[in-house]
Every structure is written in structure tokens, then in C-alpha cells.
Amino acid sequence: MVATRPRAQTPGPARSRELTRSQRENRAGLAYLSPTLIVVLVVVVLPVLWTVMLAFQRIRLINLRRAGVFGEYTLANLKLVLSSPGFWSSLWTTLVYTIGATVGSIAIGLIAALALRGWFRGRTLVRASVLLPYVAPVVAVTFVWEILLSPQFGLANDWGTRILGWDRPIAFLSQRSSEVSLLGWEFEVPLALFTVIVFEAWRYFPFAFLFLLARLQAVPAELEEAARVDGAAPTQIFRHVLLPQLAPVIALLTVLRFIMTFNKFDDVYLLTGGGAGTEVVSVRVYQFLTARFDIGAASAQALVLALGLVLLLAVYLRFLAPSVEGGDR
Amino acid sequence: MDRATVETRVLRVLRWVVIAVLVVVTLFPFYYMLLLSLRPIEEVLQNPGRIWAGPAEWTLRTYREVLTPAGDGGQGFIRFLANSAMVSLAATALTLLASIPGAYAVARLRFVGRRHVHFLFLAVYLFPSILLAIPLFVLFTRLGLRGSLAGLTIVYIAQTVPVSIYMLRNYLTTIPESLEEAAAVDGYSRLQTLRKVILPLAAPAVMANALYVFMIAWNEFLFALLFLVEDRADWTVSLGLAQLSGGIEVSKTVLMAGSVVLTVPIVILFFAAERLLTEGLTAGADKG
């Protein structure tokens, strides 16, 4: 692929037949790609540019007709968004939610990949079943979780109070924080946020599992065999043989999961509606848009979300994950 | 005993514990969904902790309520199922129509900007859909496309085409170029080669891709909510179910029946695809 590049860019003194052939190829390539490019341009690229413009205009759904390229530009939206109550806390919530869910899903995915690597009877079926949380419709799975965790008729609370001896049912999804005592230590847990993070880790660990399993299977068997012959324990083999092989995938997964979770809307909206300390930025954007019809403020808020994401990714790629560049093609 | 032996033994047991926990944790919510949809609501409220009910106790009342048309006092999910199927199938067909030639171009043809196309697609894939939601909401309101299934289909195509091209491209690059050269010698044009040589060879990848796009479109919620919420006749199953949960007089068992109706097509497709993927990919690799 690298070798072909100079030819495509420098016409040079090639023979004329060769030139027309590469020109034809160029034209065919662009023609084959044009439907895709048009759709992406119209439905993704232009709207995004428009969002940037909307973010700097005072627009509500009612006076939408006035909106155009030459509207009045103002920083009022940004000021409104940045100074509105709950903005900084929602950014913080988003960050906690994203980091928690990213780490959780990759950790469970890694454990699952290690456990389901070797052969056993029914492995194919188990491997497929483990993917179910990821492929099932989000609306259906959030409802099951809601019902399982419900304080009135939820299985978790019924078993908790009857078998585990809880004093009273716990409202996992609508209680902002809960006192937990562990080994004599008392501390506050942001309960609803924690539940949402657990849900997110449950739903997306199969994604990490797929990537990690594929990489694990590509690790040469001789490497592990040699370490085993030398008397290395399984944890040592994992630490010194497997983990270095997996590191680039884990770094890549961290970036992917972080981006996806940071932007996530459905899961939080459906589970808690953004209440009880789980208001992430994307849910706020939705509320600006549908409850207040304030398009300008919603755009500004969305823009802040995107900028925050870019900033965090830049920091991550610069300081925390040098291996991503090596592992990424 | 040395460390290696101890660890090996402990991990051998631990591995089975992990496998068991994984299976329970991933499958139980789906089992519970099905179970609850079959139990009478009065009984569920009395005994919320039961995880088994014999066939004698089952009721199909919930499903009847979910599937009966809204005019006859039901929830009208048949209509929603048809909407979802229409949008998902159209999105799948059109996405493939755009992504097959697109993937072929990216995999085989040298054209200006080929190296940048990747970056653009990756950006689309990772872009916050909520950021996209606002301008599209505004744009579609203006064009009168909001509240139309066609508008929703276009959004789904834009969101799935990039990934679809990426996946197909990876497969197409494994097909030997000599096949195409042979076809060219036989006098096939480029489009004929694509249709008669490449497409049959890439069939498993195309099918897997189609299922992937279908699943995304079927499961999607945010855009359906933003675009279709005003007119009940347009709702997809995901949206219908979400709206159903807002209703006060709707019992939780009916909600679970709706969830089952929403989930079953995806689960069936997924297990079909699982087989197709493994069989198709291994068979396609050595036949070329």
C-alpha cells in the first residue's frame, strides 16, 4: 500500500497508457465511494458544522426560521451553559461514569477472555451467550435491570431483605447516595451512579472480550510453553508473557470505550432519566433540546462535550498510552 | 508444592467458577425477562423472588395485550414491529448498496484521498451521536422529514456505512488479486468483476455485515425518540416499548412481554450469524 502511493500522486513522466489507466482507476474509485461520501457529507459532516454555528446563535425552535449562516453570532449560549447550575457537576459525573464503565468493562472482558480461552465442552455456546448483553436491544435490557432492581417488586431487593437480611429495600436507581460500612469503615457511595456504571460494564464487557480473545488466540503457543517449562506460575506467565502481548489492544480498547461511553445517551436516559446524581452531559443536551427547545444552548452544551472529549483523549494519548501508536496501524 | 503447581490448581477451579458466574450473569436477565412475561402480574407482586414457574402457571395474556392493535385496546406492537422491520431492512439494503462498491474502492483502487477516507470514517464512527442529533433534529423539522421513517433510515445509513466499509474492506483484501486479473482477461468490466467474481466470494462477509447493520438499526433508540415520538403510528419497537413504560396502567409483565418481542428477533439473528460467521469465514478463506 505504501509503495503505490507515489504513483498516485506524482503523474511524472510515465507512459501515457499507464497514466490513463491510473486516471481511470482514480475516477472509478471516487465513483464507487461517492454514494457513501455524499451520505456522510450530508448527514454527518454538514450537520456538525451547523452545530458549531448554532452554538453561537440564540435560537429556539420557535424562531428557527431566522437561523442561517448570517445570523447574529454571540457567546451567550456558552456563557449560559458554563454558568448554569449543574454544568460542572454533570461534567464530573460524565467523567466518573466513563472511567468507571471503561475500566469495568475491560477488566471483566479480560477475565472472561482468559477463562473462555481454552477448550471445554460447550465453549462455542458459552462464548456466544456471553455476547448477548452487547447485542440485545438497549431498551429491553435496561427494563429488565430496572425491574430486577426495583424496590417494590425487584428480585434483588426481595432476596436482599429475605436472605441477606437487609433492613429495607434499596432503591438502586433512584437513590443518590448510600452509606456503606465495610470492615467497620463507613463511607458514602453514589448509589445510582454506581449502579449505572455496573450496568454499563455488564453491557459492554463482551466488546472488550471479543477484541482480547482474538488477540489472545494469536499469541504463539511456544511463548507460553517455554515459560511453563521454565517453571513459571500462571500469574507470572500472564504478567510477563500475555500482558505485554495484550497491552496494545487494551490501550486501543481504552480509547474506544472511553469515547463511546463519554458520548453515551441511551443507557443513562433509560435507566434513571438522568436523576439521582447520574446526569451525564449527553442527557443534559437532550433536556435542553426537548424540554426547553433551546437549540442554541443544546448545541453549545454538545460542543463542550465534544471539546472535553478531544482534550481528554489528547491528554491520554500524549501521557498515558504511548503504546497505542505502536499497536495501531 | 511449588508456586506454579499451587496456582495451576487454584486457577483450574477458579476458571470454572468464572465461567459459571459469566453464564449466569449474562443469561439470567434474559431468562428473567421471559419468565416474568409469562407469569400473571398478581402472582409476581406477591412473590417477586421466585425464579421458576411451571407451564401450568403461564399466561399469554401479556403477549395478547402487547400485540393487539391500539384500536382494539392493545398496545399495537405488530405495527411497531413492521415499522422497525421496514426501517432496518431498508437501512441494511441501502447501506450494503453503498458500502460494497465503497469497500471495493478502498481495498483495491488507487484514488486521490484514499488514505484520508479512513480517517473520515473513523471520525464518523466515534462521533457523539447526541451532537449530530441537534442539527438533524432542526434540519429534518425544516424539511418535514421529522416523523418520517425515511428520514430515520437515512440517519441509520450514514451511521453504519463507515463501519460497514471498514469491515468489508478487511475481507476484500484477502481475496487474491489474480482472480480479478483473470476476470479482466475474460473481458469482464470492473463492475461485472465486482458483481460476478468478488461478490460471491465475499458473500459470508456481506451477510455478516448485513446482520450487523440490521442489529444496529433495530436496536437504535435516540434518533427514533427524537424523530418519531409525536405520531404513534410511526413508532419503532424500541420507542414503543420506552413509551409503554411511561404509561401508568401498564403492568410490568406486559412491559417484559414487549421486551421479549423486541429482543427475540435479534437473538435469533445473532445465533444464526454466529454460525454463519465461523463457517462462512473459514470456508471462504481457502476456496479462492
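Chain letters run A, B, ... following the sequence lines, proteins first and then strands; every chain starts at 1. Given the structure is predicted, the values throughout are model-derived calculations rather than measurements.
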Side chain, backbone, both or neither of V45(A) within contact of chain B (heavy atoms, under 4.5 Å):
side chain
Need one label for L226(B): side chain, backbone, both or neither, based on atoms under 4.5 Å from any heavy atom in chain A.
side chain
When only pairs under 4.5 Å are counted, which of Y212(B), Y104(B), Y32(B) shares the most heavy-atom pairs with chain A?
Y32(B)
Would you mind checking which part of V117(B) comes under 4.5 Å of any heavy atom in chain A, side chain (CB onward), backbone (N, CA, C, O), both or neither?
side chain
Using non-hydrogen atoms only, which part of A232(A) is less than 4.5 Å away from chain B: side chain, backbone, both, or neither?
backbone
Measure from the side-chain N and O atoms of E25(A) to the backbone N and O of L109(B), and report whether any donor-acceptor pair falls under 3.5 Å.
no
Can you confirm whether more than 12 heavy atoms, excluding those of R50(B), are under 6.0 Å from its CZ atom?
yes
State whether the side chain of D158(A) and the backbone N or O of P48(B) hold a donor-acceptor pair below 3.5 Å, judged by distance alone.
no
Under a 4.5 Å heavy-atom cutoff, which of L194(B), V44(B), V229(B), L131(B) has the most pairs with chain A?
L131(B)
Distance check, rounded to the nearest 0.5 Å: I19(B) atom CD1 versus R127(A) atom CZ?
10.0 Å
S129(B) side chain near F265(A) side chain, heavy-atom distance below 4.5 Å:
no
Over 12 foreign heavy atoms within 6.0 Å of CZ, R3(B):
yes
With a 4.5 angstrom heavy-atom cut-off, could you sort out which part of L37(A) is near chain B: side chain, backbone, both or neither?
side chain
Would you say the side-chain atoms of W218(B) pair up with the backbone N or O of P137(A), donor to acceptor, closer than 3.5 Å?
no
Which region of L225(B), side chain (C-beta onward) or backbone (N, CA, C, O), has a non-hydrogen atom less than 4.5 Å from a non-hydrogen atom of chain A, or is it both or neither?
side chain
Heavy-atom distances under 4.5 Å only: say whether L27(B) touches chain A with side chain, backbone, both or neither.
side chain
Heaviest contributor of heavy-atom pairs below 4.5 Å to chain B, chosen from V44(A), V126(A), L49(A), is V44(A)
Quick check on I51(B) against chain A: is it the side chain, the backbone, both or neither that has a heavy atom closer than 4.5 Å?
side chain
Calculate, to the nearest 0.5 Å, the distance between atoms CZ and NZ belonging to F153(A) and K252(B) respectively.
4.5 Å
Top contributor to chain A contacts, counting heavy-atom pairs under 4.5 Å, from V25(B), I100(B), V18(B), L222(B):
L222(B)
Quick one: pull up CG in N47(B) and CG in L155(A) and give me the separation to the nearest 0.5 Å.
11.5 Å
Could you look at L94(B) and say if it's the side chain, the backbone, both or neither that has a heavy atom under 4.5 Å from chain A?
neither
So CD1 of I147(A) and OG of S245(B): to nearest 0.5 Å the spacing works out to 9.5 Å
Among L132(B), V21(B), L22(B), L241(B), single out the residue with the greatest number of heavy-atom pairs under 4.5 Å to chain A.
L241(B)
Looking only at L303(A), N157(A), V144(A), the option with the highest number of non-hydrogen pairs under 4.5 Å against chain B is V144(A)
Does L148(A) reach the side chain of F28(B), with side-chain heavy atoms less than 4.5 Å apart?
yes
Between chain B and each of V138(A), I108(A), D266(A), count heavy-atom pairs under 4.5 Å; write down the option with the most.
D266(A)
Contact winner vs chain A - L45(B), I130(B), V267(B), V260(B), heavy-atom pairs under 4.5 Å
I130(B)
Report which part of L255(B) has an atom under 4.5 Å of a heavy atom belonging to chain A: side chain, backbone, both, or neither.
side chain
Can any side-chain N or O of R15(B) pair as donor or acceptor with the backbone N or O of G118(A) at less than 3.5 Å?
yes
For the CZ atom of F137(B) and the OG atom of S299(A), what is their distance to the nearest 0.5 Å?
11.5 Å
Does anything in residues 6-13 of chain B reach chain A? List residues with heavy atoms under 4.5 Å apart, or say none.
E7(B), T8(B), L11(B)
Between G231(A), S150(A), A28(A), P47(A), who has the most heavy-atom pairs with chain B when the cutoff is under 4.5 Å?
P47(A)
Looking only at L125(A), I111(A), T235(A), the option with the highest number of non-hydrogen pairs under 4.5 Å against chain B is T235(A)
Of the backbone (N, CA, C, O) and the side chain (C-beta and beyond), which part of L191(B) lies under 4.5 Å from a heavy atom of chain A, both, or neither?
both
Chain B contacts, top residue of P35(A), A298(A), P234(A), S282(A) (heavy-atom pairs, under 4.5 Å)
P234(A)
Taking side chain as C-beta onward, heavy atoms only, is V141(A) less than 4.5 Å from T263(B)?
no
Which atoms of L30(A) are under 4.5 Å from chain B, going by heavy atoms: the side chain, the backbone, both sets, or neither?
both
Determine, stepwise, if the pair L33(A) / F111(B) fulfils side chain to side chain contact (heavy atoms under 4.5 Å, CB included).
CA-CA 10 Å; L33(A) 208 56; F111(B) 57 89; 3.7 Å; yes
In terms of heavy-atom proximity below 4.5 Å to chain B, should F288(A) be classed as side chain, backbone, both, or neither?
neither
Could you tell me whether the side chain of W145(A) and the main chain of P29(B) form a donor-acceptor pair under 3.5 Å?
no
Is chain A contacted by the side chain of I266(B), its backbone, both, or neither, given a heavy-atom distance below 4.5 Å?
side chain
When you compare the side chain of V106(B) with that of Y32(A), does any pair of heavy atoms fall below 4.5 Å?
no
Is L14(B) in contact with chain A via its backbone, its side chain, both, or neither, using a 4.5 Å heavy-atom distance?
neither
